[in-house]
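Order of appearance sets the numbers: ligands from 1, and atoms from 1 within every ligand. Scope of the values below: all heavy atoms of this structure, side chains included, with no hydrogens, waters or symmetry mates. By convention here, the first residue in the shown sequence is residue 1.
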Amino acid sequence: MAILDVVTYPDPRLTRVAEPVKLIDNKIKKLVDDMAETMYDAPGVGLAATQVSELKRIMVIDVSEEKNQLRVFINPEIIKKEGTAVNEEGCLSVPGFYDKVERAETVMVTALDRDGQRFTINASGLLAVCIQHEVDHLDGHVFVEYLSPLKANRIKNKLVKRQREIEREAEVAAPRRRVASSARA
Ligand code: GNR
Ligand code: NI
C-alpha cells in the first residue's frame with residue numbers, strides 16, 4: 001500500500017477525461033487500495049483516480065462515521081438523477097476552499113466493485129454529493145467550475161501562489177539536488 005500524491009487545482013491533469021477500466025487485474029486492485037489509503041490518510045470522504053494522475057474511471061468513497069464502509073466504483077455511471085440540493089463542498093485538489101454547489105438530490109448509480117461485480121445503488125445525502133463530485137473528476141471537472149468566475153479566479157490565484165511558495169520552500173530545503181539535476185542537464 002502507498003499514499004499517492006494528490007494533484008492540486010488548476011493542474012491541467014484535472015481537466016482530462018478518464019478512460020474506462022477494461023480488466024480489473026492486480027495492477028488496478030493495487031491502485032484501488034492505494035487510492036483508499038490516500039483518501040483515509042488525507043482525510044477525505046472520496047477520491048477519484050484523476051486526482052492521483054491516473055486517467056482511469058475509478059473512485060473510492062467512504063462517508064461513514066467510523067470510516068469502515070469503503071465503496072469502490074469502477075466505470076461508474078449515473079443512470080438517474082432526481083431533485084436538487086445545495087451542499088457545501090470541498091475537494092482534496094482544492095485544499096482550504098469550500099463553497100455551496102447545487103447538484104441532484106438523489107442519484108442512481110451503477111458500477112463495478114473491486115471484484116468486478118456489478119452493483120446499482122440509490123444514493124442521497126453526502127453519498128449522492130460525493131458520487132457526483134467524483135464522477136465530475138473522472139470527466140475532468142472540479143467543483144470550482146460551478147462557482148462564479150470571480151470566486152473561481154480568486155481560488156485559482158491563491159492556489160497558484162501557494163504552490164509557488166511550496167516549490168520555493170522545497171528548493172531552500174534541498175538546493176543541492178536541484179543544482180545537481182540542472183548541472184546534469
Ligand atoms: O473529502 C471530501 N469532502 C467532500 C465534502 C463535500 C463534498 C464533496 C467532498 S469530496 C472530498 C474529497 C475529494 O476531493 N474528492 O474528489
Ligand atoms: Ni474532489
Is any side-chain N of the basic residue among [X] and [Y] closer than 4.0 Å to the acidic one's carboxylate O?
X      : Y      : value
Arg118 : Asp113 : no
Asp139 : Arg57  : yes
Asp25  : Lys27  : no
Arg103 : Asp136 : yes

**Asked** Counting no waters, how many protein N/O/S atoms sit under 2.8 Å from the Ni ion (ligand 2)?
**Response**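 Protein N, O or S neighbours of the Ni ion (ligand 2) under 2.8 Å, waters not counted, come to 3.
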**side-chain hydrogen bond (donor to acceptor under 3.5 Å, both in side chains) partners of Asn122, counting only residues at least two apart** =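 Per chain and number, Asn122 pairs via side-chain hydrogen bond (donor to acceptor under 3.5 Å, both in side chains) with no residue.
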**Asked** Under the ring-ring contact (aromatic ring centres under 6.0 Å, His included) test, which residues partner Phe73, sequence neighbours left out?
**Response**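 With neighbours one apart ignored, the set is Phe119.
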**Prompt:** So, do His133 and His137 have ring centers that fall under 6.0 Å from each other?
**Reply:**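 Centroid separation for His133 and His137: below 6.0 Å.
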**Message:** If only side-chain N and O atoms count, and only distance matters, is there a donor-acceptor pair under 3.5 Å linking Glu105 with Thr84?
**Reply:**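 Thr84 vs Glu105: no donor-acceptor pair found between side chains.
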**Request:** At a heavy-atom distance under 4.0 Å, which protein residues reach ligand 1? Sort them by chain and number, would you?
**Result:**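 Residues near ligand 1: Gly44, Val45, Gly46, Gln51, Glu88, Glu89, Gly90, Cys91, Leu92, Val129, His133, Glu134, His137.
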**Asked** For Asp34 and Met1, which heavy atoms make the closest approach, and how far apart are they?
**Response**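 Taking Asp34 first and Met1 second, the nearest heavy atoms are OD1-CA, 3.2 Å.
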